[in-house]
K.L.:
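The following block contains the structure, expressed as structure tokens.
These figures come from a predicted structure and were not determined experimentally. Lettering follows sequence order; numbering is per chain, from 1. These values consider heavy atoms only, across backbone and side chains, with no hydrogens, waters or symmetry-generated copies.
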Number of protein chains: 2
Amino acid sequence: MGKSETENKIIQAATDEFIEMGLDGARMRAISDRAGINKGLIHYYFKSKELLFSKVFEVLFGVLVGRLNAAMGEENHLFDKIRSFVSIYVDAIQRNPRIPKFIISELNRNPERMFKMMNEKKKFDATKVFKESVAQAVENGDIVEIDAHQLFTNMLSMCIFPFIGRPMIQFVTGMSNKEFESYIEVRKTEVAEFIIRSIQKK
Amino acid sequence: MGKSETENKIIQAATDEFIEMGLDGARMRAISDRAGINKGLIHYYFKSKELLFSKVFEVLFGVLVGRLNAAMGEENHLFDKIRSFVSIYVDAIQRNPRIPKFIISELNRNPERMFKMMNEKKKFDATKVFKESVAQAVENGDIVEIDAHQLFTNMLSMCIFPFIGRPMIQFVTGMSNKEFESYIEVRKTEVAEFIIRSIQKK
DNA sequence: GTCTATATTCAGATAGAC
DNA sequence: GTCTATCTGAATATAGAC
């Protein structure tokens, strides 16, 4: 399974190009230039643009799923799960801010693909763990009664949206780039506290 | 300024096509078919694909800004502003669920354009109104101290993200299409209550 | 204003030498 | 495996008849 040097360079270059330009906007020419190799070689290794894209998507999607599971599995108490999820997740996206947009575009473009991958990858259990934890907390009387899916997607929204909607947010709020950076830093802890304040019983 | 029948048909068809396919994915051929007119006519009226796209974007962006301002200006008390914003906004997006994705894609692709439009459209004061209302509520001791931008973007995130990330959310939670519909209905009121619970002083 | 036919450009893919 | 050269198809754009 050892990939050649060239193959790796192509995948890396393709990842950058697809993330920046999307599937339709990406150019094979641009990918070969980024990789510093011949355009024809891409077809030698990956046959077509579509197959190359699939490869890139698989890798990125796997990383995303892995992070979701990791962030959710580490802590026991619901509040700590939430704190852990927010800080790990926002931090991870901050390092690769264009990945969510890429993943979401592709899931919109081709929803069937995700079912295929669902079967291929190890099963996605982050939300199951989360739901159980919410049920437990409700039972213990720690939090108000709330639908776990609503809660989970609220959390996901506040973690992901700022990166997808960054230009919109900067436009609406008038934040500078510098201000946006510290705005994100604040969110690594404050989004979790925002959520916890909302659900905990006093 | 009276637009011809044909011109209007083109704009409507182009709006549908661009929203569904994105700028790169859209085809002039598909637009002329949707409009039921000759392909060459599009160039007669709009010169190029790029200019046609600009036209479509301007219209949609104007609608978005108008809604933001309307939703924010109607109520006086902060909590009612939040309730009003969430219900109006989620409902509006529900009717046209692909608009946010379209707007955000374009703002990412071409951030300069938004500054141009900022000057052309009447100024965007929804957030100013919101900030003042937050400051007032803090002063009155009604809510905890919170940065208005953080609060505003939390609200925006929870309103918009479910539509952008719908396939991702359905994948992660396992919701059916039917379940997703009622999930959105719940959000029209519950997102506002979620926010209010978090910020109000007991 | 609306159509048909055509020009132009360009990207993805292939063939074949080395 | 890597390169050069080329094919093929598609999409935007234009020219010109009506």
K.L.:
In whole Å, I'd like the distance from the CZ atom of A:Phe53 to the P atom of C:dG12.
P.N.:
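Going from A:Phe53 (CZ) to C:dG12 (P), I get 13 Å.
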K.L.:
Considering only residues two or more places apart or on different chains, which pairs with a residue in residues 10-25 of chain A satisfy salt bridge (charged side-chain N to carboxylate O under 4.0 Å, His left out)?
P.N.:
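Counting only pairs at least two positions apart or across chains, the salt bridge (charged side-chain N to carboxylate O under 4.0 Å, His left out) contacts touching residues 10-25 of chain A are A:Glu17-A:Arg34, A:Glu20-A:Arg34, A:Glu20-A:Arg98.
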K.L.:
Checking all strands, does B:Phe46 fall into the base, sugar-phosphate, or nothing category for heavy-atom contacts under 4.0 angstrom?
P.N.:
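Contact class for B:Phe46: none.
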K.L.:
Base, sugar-phosphate alone, or nothing: which one does A:Tyr45 contact when heavy atoms must sit under 4.0 Å apart?
P.N.:
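Sugar-phosphate only.
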K.L.:
Let's see if you get this right: which residues in residues 33-41 of chain B place a heavy atom under 4.0 Å from DNA chain D?
P.N.:
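Listed by number, they are B:Lys39.
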K.L.:
Check whether A:Ser198 reaches the backbone of B:Phe194 with its side chain - one donor and one acceptor, N or O, closer than 3.5 Å.
P.N.:
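Yes, because the side chain of A:Ser198 sits within donor-acceptor range (under 3.5 Å) of the backbone of B:Phe194.
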K.L.:
Please determine whether ring-ring contact (aromatic ring centres under 6.0 Å, His included) holds for the pair A:Phe61 and A:Phe102, giving the CA-CA distance in whole Å, both sets of side-chain angles, and the decisive distance to 0.1 Å.
P.N.:
CA-CA 10 Å; A:Phe61 191 76; A:Phe102 173 79; over 10 Å; no
K.L.:
So B:Ala30, base contact, sugar-phosphate only, or nothing? Heavy-atom distance under 4.0 Å.
P.N.:
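The residue B:Ala30 makes no contact with any strand.
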K.L.:
Expressed as a whole number of angstroms, how long is the span from A:Ile31:CD1 to C:dA11:P?
P.N.:
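It works out to 12 Å between those atoms.
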K.L.:
Would you mind reporting whether A:Arg166 and A:Tyr183 have side-chain heavy atoms less than 4.5 Å apart?
P.N.:
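Sidechains of A:Arg166 and A:Tyr183: no contact.
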K.L.:
Does the side chain of A:Asn177 come under 3.5 Å of the side chain of A:Gln170 through a donor N or O and an acceptor N or O?
P.N.:
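Distance-only check passes for A:Asn177 and A:Gln170.
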K.L.:
Can you see which heavy atom on B:Ile146 is nearest to which on B:Ile143, and at what distance?
P.N.:
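Shortest heavy-atom separation between B:Ile146 and B:Ile143 comes out as CG2-CD1, 4.3 Å.
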K.L.:
Rounded to whole Å, how long is the line connecting atom CZ of A:Arg29 with atom P of C:dC10?
P.N.:
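Taking CZ of A:Arg29 and P of C:dC10, I get 13 Å after rounding.
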K.L.:
Got B:Phe79 and B:Glu193 here, is their nearest side-chain heavy-atom distance under 4.5 Å?
P.N.:
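Side-chain contact under 4.5 Å: no.
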K.L.:
Round to the nearest Å and state the distance from A:Leu51 atom CG to C:dT14 atom P.
P.N.:
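That distance rounds to 11 Å.
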K.L.:
So which atom in B:Tyr89 and which in B:Cys159 form the shortest heavy-atom distance, rounded to 0.1 Å?
P.N.:
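What the structure gives for the nearest pair is CD2-CB, 4.2 Å.
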K.L.:
A side-chain contact here means heavy atoms from C-beta on lying under 4.5 Å apart; do A:Arg187 and B:Gln150 qualify?
P.N.:
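The answer is yes; the side chains approach within 4.5 Å.
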K.L.:
Would you say a side-chain N or O of A:His43 is under 4.0 Å from OP1 or OP2 of C:dT14?
P.N.:
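So the side chain of A:His43 is outside the cut-off, no N or O lying under 4.0 Å from OP1 or OP2 of C:dT14.
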K.L.:
Please identify the 5'-most and 3'-most nucleotides of DNA chain D with any atom under 4.0 angstrom from a heavy atom of chain A.
P.N.:
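Terminal contacting nucleotides, 5' to 3': D:dG1 to D:dT4.
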K.L.:
Just how far, in rounded Å, is P of C:dA11 from CD of A:Glu50?
P.N.:
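Computing the A:Glu50:CD to C:dA11:P distance gives 18 Å.
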